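Quantities reported herein were computed from a predicted structural model and do not represent experimental measurements.
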Amino acid sequence: MIRNFLRPALWATGMLLTVAGASAAIPEGYYSSLEGLKKSDLKKAAKNAVKKHTAISYGNSTWDAFESTDTRTVNGRLAWWDMYSPNVVYVSQGHPGMNIEHSVPNSWWGGTKNDAYKDLFHLNPSDTDANSWKSNYPLGIVVKVHTTSKGVTYDNGVTKVGTPASGACGGSKWCYEPADEYKGDFARTYFYMFTVYDDIAWQSGSSDRNYMFDGSAWPSLRPWAYEMLLEWAANDPVDQKERDRNEAIYKVQHNRNPYIDIPELAEYVWGSKTDQAFHLDGNTDPDPTPGPDPTPGPDPQPVPDPEPVPDGIWSRVKNVSELAPATHYILVATEAEVAMDYTLNKTYMDVTGNVSIEGDLISALPHGTAILTLESAGAGRWYIHVHDTDGNSLGYLDSTKAKTVTLSSSPSTSVEMEVSAAETTITYSNTVGKLLYNASAPRFTTYTSNQQPVQLFRLNGSTAVECIPAVPALGEDDAMYDLCGRRVDTANPAPGIYVRAGRKIIIR
């Protein structure tokens, strides 16, 4: 499964190339064309900056190159640096039992011996058995090591081959997982390959490549794939091995991997910074300094502050009749007792701290809880409008594909809602799925199956109270709460205002 994480900052303002560990080998202006660009334009510029290179022949020339790109010293002797197995094979022995491995399987483009086939950035010396076992499976997290009919499993301590979690890896039955120390290396390799070679003749009928690659110029990688690779890149930052290899390949091919030179670049192409313009010095777009206005216009009308969400008790929605515009709601995974945050993290909504559910009521919200309102989309469907607790609009919660939600400035995708005692079913479409909670990687987004259900709670926003004459009007089984959400004894409550069955009452 894709794990939740906080990505470490990999650069500081004005220190981008230094923090990335780049050296004087980078030609002046090599990445200048990336300045000020975003998303697809940034990816295209990165491609144009590095795609021109000297392709060497595959085979003996590759092994010759490996002597400078993929070796290390073991017991005082030069050995091949195999990122697929713990085996030690010394260079002086040749390369018995080893292959030249394509980390991005060449079968994904039909095995054509093009520049991608020969590109050193994704070629590595590999143990033959590990190469054979990993086959052309996509990268992923193995939750069960593959077992053959003869009971043979494959986990050599560096490479694992097996099955991913249900619904992970784009639906692939098998995947292979590298060691943690190499996950960032492979992530940056895939970023490079799907930047430079996004337009080669990928096999449209190959389900293997379709698991990770969507066939487009951008984003090229499918959301689950770039989410996972971004996490791997953050958890295993660029180290000296990668920097040295980048320099060694540059001396042979005369091009570089920009995701090694500029580790944070991937966040601007696929990650949390896709809406920000990229700058080589690490700065964000500065506010322009306005000059004097020779013809000032009238004073602008003040914009009223948004109306804050009122305090109150939130009661569980138990019937579709409780769904209405101009009502405030929160989304809660009641099994885990967590609420949906109003923060969008790439393709999912983050999770707040735990909520305290007393019966059918919630009296206090964790910081950051998303406040939802509904707007009718007609035909029994709704648009979900997201606000913070100060009443600021953050956009509409839209989804056009599974495992991906977005916040858009205007409504575009609507939901159908059904309510039962245990679940509020919020469905975008049959192919997109339902808005659910993933407990393994804490987040709210759309899934087609196998996640925890959610429920809506609505704010009892009416200031009206129901006056009742005396305690006997309350039955012994009536749960009743004070305005702080504490359950009170119905047998002898003090005079005051209480909440019962979602209604405010006053006992004199």
Side-chain donor or acceptor of [X] paired with backbone N/O of [Y] under 3.5 Å:
X: S429; Y: V432; answer: yes
X: W218; Y: D41; answer: no
X: D244; Y: E247; answer: no
X: Y428; Y: V405; answer: no
X: T69; Y: A65; answer: yes
X: Y30; Y: R256; answer: yes
X: N156; Y: Y84; answer: yes
X: N255; Y: V50; answer: yes
X: T445; Y: T347; answer: yes
X: T352; Y: T369; answer: no

Please walk me through it: do D341 and T343 pass side-chain hydrogen bond (donor to acceptor under 3.5 Å, both in side chains)?
CA-CA 5 Å; D341 197 295; T343 302; 2.9 Å; yes
Heavy-atom pair of closest approach, residues [X] and [Y]:
X: P27; Y: Y250; answer: CG-OH, 3.1 Å
X: L265; Y: P258; answer: CD2-CB, 3.8 Å
X: L120; Y: R245; answer: O-NH2, 3.0 Å
X: D236; Y: G184; answer: OD2-N, 2.8 Å
X: D275; Y: K38; answer: O-NZ, 3.3 Å
X: C169; Y: G140; answer: SG-CA, 3.5 Å

Less than 6.0 angstrom separating the ring centers of [X] and [Y], yes or no?
X: Y117; Y: Y58; result: yes
X: Y176; Y: W133; result: no
X: F194; Y: F213; result: yes
X: H387; Y: Y342; result: no

Decide, yes or no, whether a salt bridge links K160 with E177 under the criterion of side-chain N to carboxylate O below 4.0 Å.
yes
Salt-bridged, D350 to R443, with N to O below 4.0 Å?
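Here D350 does not pair with R443 in a salt bridge, since their nearest N and O are not under 4.0 Å apart.
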With the side chain counted from C-beta on, respond yes when [X] and [Y] share a heavy-atom pair under 4.5 Å apart, and no when they do not.
X: V332; Y: E337; result: no
X: Y268; Y: Q276; result: yes
X: F444; Y: V454; result: yes
X: T448; Y: N430; result: no
X: L436; Y: N438; result: no
X: L331; Y: I426; result: yes
X: E264; Y: F278; result: no
X: F191; Y: L230; result: yes

First locate atom [atom1] of [X], then atom [atom2] of [Y], and finally report the distance between them rounded to the nearest 0.5 Å.
X: I330; Y: I362; atom1: CD1; atom2: CD1; answer: 4.0 Å
X: K43; Y: T274; atom1: NZ; atom2: OG1; answer: 14.0 Å
X: L435; Y: S399; atom1: CG; atom2: OG; answer: 8.0 Å
X: I371; Y: S393; atom1: CD1; atom2: OG; answer: 13.0 Å
X: N136; Y: H102; atom1: CG; atom2: NE2; answer: 12.5 Å
X: S220; Y: D198; atom1: OG; atom2: CG; answer: 4.5 Å

Go through H122 and T189 one step at a time and tell me if the side-chain hydrogen bond (donor to acceptor under 3.5 Å, both in side chains) criterion holds.
CA-CA 6 Å; H122 85 127; T189 293; over 6 Å; no
Any side-chain donor-acceptor pair under 3.5 Å between [X] and [Y]?
X: S272; Y: E267; answer: yes
X: S61; Y: S57; answer: yes
X: N124; Y: D82; answer: no
X: D214; Y: S216; answer: yes
X: T406; Y: D398; answer: no
X: N131; Y: N99; answer: yes

Please walk me through it: do K47 and D199 pass salt bridge (charged side-chain N to carboxylate O under 4.0 Å, His left out)?
CA-CA 11 Å; K47 172 182 178 176; D199 58 352; 3.0 Å; yes
E67 atom CD, over 12 foreign heavy atoms within 6.0 Å:
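Check passes, neighbour count above 12.
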Tell me if the NZ atom of K403 is crowded by more than 12 foreign heavy atoms within 6.0 Å.
yes
Criterion side-chain hydrogen bond (donor to acceptor under 3.5 Å, both in side chains) on S166 and N450, from CA distance to verdict
CA-CA 8 Å; S166 177; N450 299 324; 2.9 Å; yes
Going through the checks in order, is the side-chain contact (heavy atoms from CB on, under 4.5 Å) test met by Y447 and Y437?
CA-CA 9 Å; Y447 297 95; Y437 173 68; over 6 Å; no
Under the salt bridge (Lys or Arg N to Asp or Glu O under 4.0 Å) test, residues paired with K241 that sit two or more places apart
D185
Residue list, side-chain contact (heavy atoms from CB on, under 4.5 Å) with T112, at least two apart or on another chain
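For T112, the residues satisfying side-chain contact (heavy atoms from CB on, under 4.5 Å) (neighbours in sequence not counted) are W109, N114.
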Only counting residues at least two apart or in another chain, list the ones meeting side-chain contact (heavy atoms from CB on, under 4.5 Å) with D129.
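Residues passing side-chain contact (heavy atoms from CB on, under 4.5 Å) with D129: D127, Y154.
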For a side-chain hydrogen bond (donor to acceptor under 3.5 Å, both in side chains) check, start with the C-alpha distance between N235 and D180, then their side-chain angles and the critical distance, and finish with the verdict.
CA-CA 8 Å; N235 291 342; D180 289 346; over 6 Å; no
Would R188 pass as a cation-pi partner of Y259, given that its NZ or CZ must be under 6.0 Å from the six-membered ring centre and within 45 degrees of the axis?
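The answer is no, since R188 fails at least one limit relative to Y259.
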